[in-house]
2 protein chains.
Amino acid sequence: MKGIRQLAEHLAISIGTVSRALNGKPDVNEETRRRVLAAAEALGYVANQSGRSLRQGETRVIGLMIESSAEAVENADNFFLGVTSGLQSVFARHKLDLVMLPCPSDEDPHEYLKRMVARRIVDAMIISNTQRIDRRIGFLSRAEIPFVAVGRSLSASNSRWIDLDFEGVADRAVERLVARGHRRIAITAPLSEVNLGYVFVESYRRALERHGIRFDPSLVIRVKSSEQGGYQAAHELLLLPDRPTAIILIYELMAIGLYRRLMESGVMPGRDLAVIGFRDAPRARFLQPSLSCFRMSLYDLGIALGQMLLAHMPAYRVLYPNAGRNIIWPLELVSGESDAFEVGRGDKEFASEHWSK
Amino acid sequence: MKGIRQLAEHLAISIGTVSRALNGKPDVNEETRRRVLAAAEALGYVANQSGRSLRQGETRVIGLMIESSAEAVENADNFFLGVTSGLQSVFARHKLDLVMLPCPSDEDPHEYLKRMVARRIVDAMIISNTQRIDRRIGFLSRAEIPFVAVGRSLSASNSRWIDLDFEGVADRAVERLVARGHRRIAITAPLSEVNLGYVFVESYRRALERHGIRFDPSLVIRVKSSEQGGYQAAHELLLLPDRPTAIILIYELMAIGLYRRLMESGVMPGRDLAVIGFRDAPRARFLQPSLSCFRMSLYDLGIALGQMLLAHMPAYRVLYPNAGRNIIWPLELVSGESDAFEVGRGDKEFASEHWSK
DNA sequence: CTGAAAGCGCTTACAG
DNA sequence: CTGAAAGCGCTTACAG
């Protein structure tokens, strides 16, 4: 089966009618439609997307841009694959297909995005790994390409994003640790300009200050967001004068390397150092002691992203009137053993007493 | 900037000449070409891919089909993202773009593939997660869509694939363990019909028999290829009568759950049970004791896949005369502590003595 | 070396 | 309810 012309010929009918029947237009005789549909099915006909796209000015493809740099690969977990399922469940209802666009490591993400958009491979985009200043946002806005960002950005003055609740996580982590007597609490931050690093550290700073603890920049440990980075973070932490009694990680898998390095030095997480992770991951679930961390549903996040995107595409807007502008995505604390102890000024007993009165 | 017509108007030149200049056709005045290129750059013109595709009958997009089922997400690591970089380095030379096509969990992979191909979103495909019998292979062959599979299949009688060297891995793992006195060696296998499971178990069986060890089906532990599956595998192993002294894992991250379960029972990997993993992964590198496993370069695999695919696309065939049909991809053993001990008939001393003479 | 024109496979006003 | 025709944005024989 080649094209619509052959199908029409086979049915002895015009291509216009075939097209209308296939696309569910109302003004087609039901018997005709039935025959067309049956023949298309039998002959395996599916409309050539290039023809449709050219005529309609849309591709019915949504792009999810991800990074495939060496570091991204090294750190990769299932985040985007998890989100993908949720996105697809929304897009499938409108016969939109999702493709993942991996930006090569040696290409500037902004240039890559421009190329993809200009080529008109997709109708709309989901971008991620948002930078503090991100030129992609202005570009997509000016080009009038509907898009949603995973992660807020200073550049996103007038565009849509969903971001994880870094403030909430930092708040609750700090509060929990302070309640257990911790005063010197370290935190990890990414090396790159990715905006979540700024947001997370700032939230941590404010949370500390609310509890009357001075922010100490030397307790912000900048490392890669990977297992390796966790190992490095533990290494740096152990070298700090007046060693912190707790650490908050920005990425759950860092706990794997962190635990390893601590144990090499005989420092026991959950006894000598409190550790709180970020998202939970299957990998981190097998850590011993189990990791206190924050949980979320990637699938639900995907659904929210998909709905928010459709809410800003002219063709679907009316169907998603309630998909608000920006969302801070909540995470739920999962209590583990990695921070299940109390510290005091001098000894652990003091902390317990102090705490119980 | 809209289309080629506007660009041509702006240059006071015909669209045909603009097109030829942009596409590097030889019969264009160099001065004209320079002007066209400069104007395109200045005005941000990039050819609309739908128009090109329709006219040329090709999209210049290559698809990499991956699974996004719940289990795939759960088990996901950086395998495909790693391969992606290598693929792109090959495709970039020919201005081909790579998109990842995630098959939704609730859609049959065969139907999904048909839809993608029929819509003509891509010119060629890389498929993965090859099943023992895989209808996608016959479909792509009949449709004359160039493709390469990651993983061999019984269906691939006349098509191209690259697969990991499961035989070599099983051989060397068994040989290494037997040399250290092990006779009861367990192995994990996937629950699904994915072909690598069959290949791996069969290679293990043959390796055992070469060493005069009878194959015992009860030592093939079928679990999910994930951390959770590793936990389950350890659980089942501990319940086996006449407990095995060694286990070979088909997926490196299983070691994380396996270690956890073993340690819960006071069984120490590397002392009470020898463990050999498959590929190494950043995650598994932090295990203690360190995991003996097999290493490979995902980037190089991506390059080989890309070249093999291009070697079977009419437009590029001549450029890749040496990209053979099928490749068994070698892996290199990385010696860790997880199998660094010897066992004997009765006690460890015997084995050492036996071994040293 | 350049221009004018055909046509890739569709969808969609328009006419009947 | 159906058909004939235009046209989406390109590339490419063809003529000059």
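All values below come from the heavy atoms of this structure, side chains included, with hydrogens, waters and symmetry mates left out. Letters go in sequence order (proteins before strands), and every chain restarts at 1.
- Contacts of S53(B) with the nucleic acid, taken as non-hydrogen atoms under 4.0 Å apart, are absent.
- Rounded to whole Å, the distance from CG on N29(A) to P on dC1(D) is 6 Å.
- Contacts classified as side chain to side chain donor-acceptor pair (under 3.5 Å) and involving residues 122-133 of chain B (residues at least two apart or in different chains) are given here: T59(B)-D123(B).
- By the ring-ring contact (aromatic ring centres under 6.0 Å, His included) test, F91(A) pairs with no residue at all, sequence neighbours left out.
- Annotated stems with DNA chain C as a participant read C:1-3 with D:14-16, C:5-12 with D:5-12, C:14-16 with D:1-3, given as range with range, by first number; only runs of 3 or more Watson-Crick or G-U pairs under 3.5 Å qualify.
- Residues H10(B) and Y45(B) place their aromatic rings such that the two centres sit no closer than 6.0 Å.
- Rounded to whole angstrom, the span from the CD atom of E30(B) across to the C1' atom of dT2(C) amounts to 15 Å.
- Applying the ring-ring contact (aromatic ring centres under 6.0 Å, His included) test to pairs two or more places apart or on separate chains, those with a residue in residues 138-161 of chain B are H110(B)-F139(B).
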Which donor-acceptor pairs under 3.5 Å do the side chains of residues 305-314 of chain B make with protein atoms, sequence neighbours left out?
| residue | atom | partner | partner atom | Å |
| --- | --- | --- | --- | --- |
| H312(B) | ND1 | M308(B) | O | 3.0 |

So if I define the base as every atom that isn't primed, P, OP1 or OP2, how would nucleotides 10-16 of chain C read as a B/S/- string at a heavy-atom cutoff under 4.0 Å? BBBB---
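- Applying the salt bridge (Lys or Arg N to Asp or Glu O under 4.0 Å) criterion to E31(A), with sequence neighbours excluded, gives R34(A).
- Rounded to whole angstrom, the span from the CZ atom of R60(B) across to the P atom of dG9(D) amounts to 21 Å.
- For L54(B), whose side chain is taken as the heavy atoms from C-beta onward, the closest listed nucleotide among dG9(D), dG3(C), dT2(C) is dG9(D).
- The ring-ring contact (aromatic ring centres under 6.0 Å, His included) check on Y299(A) picks up nothing, with sequence neighbours excluded.
- For E41(A), the salt bridge (Lys or Arg N to Asp or Glu O under 4.0 Å) test picks out no residue, with sequence neighbours left out.
- Between the C1' atom of dC8(C) and the CD atom of E58(B) lies a distance of 13 Å, rounded to the nearest Å.
- OP1 or OP2 of dC8(C) has not a single side-chain nitrogen or oxygen of S50(A) nearer than 4.0 Å.
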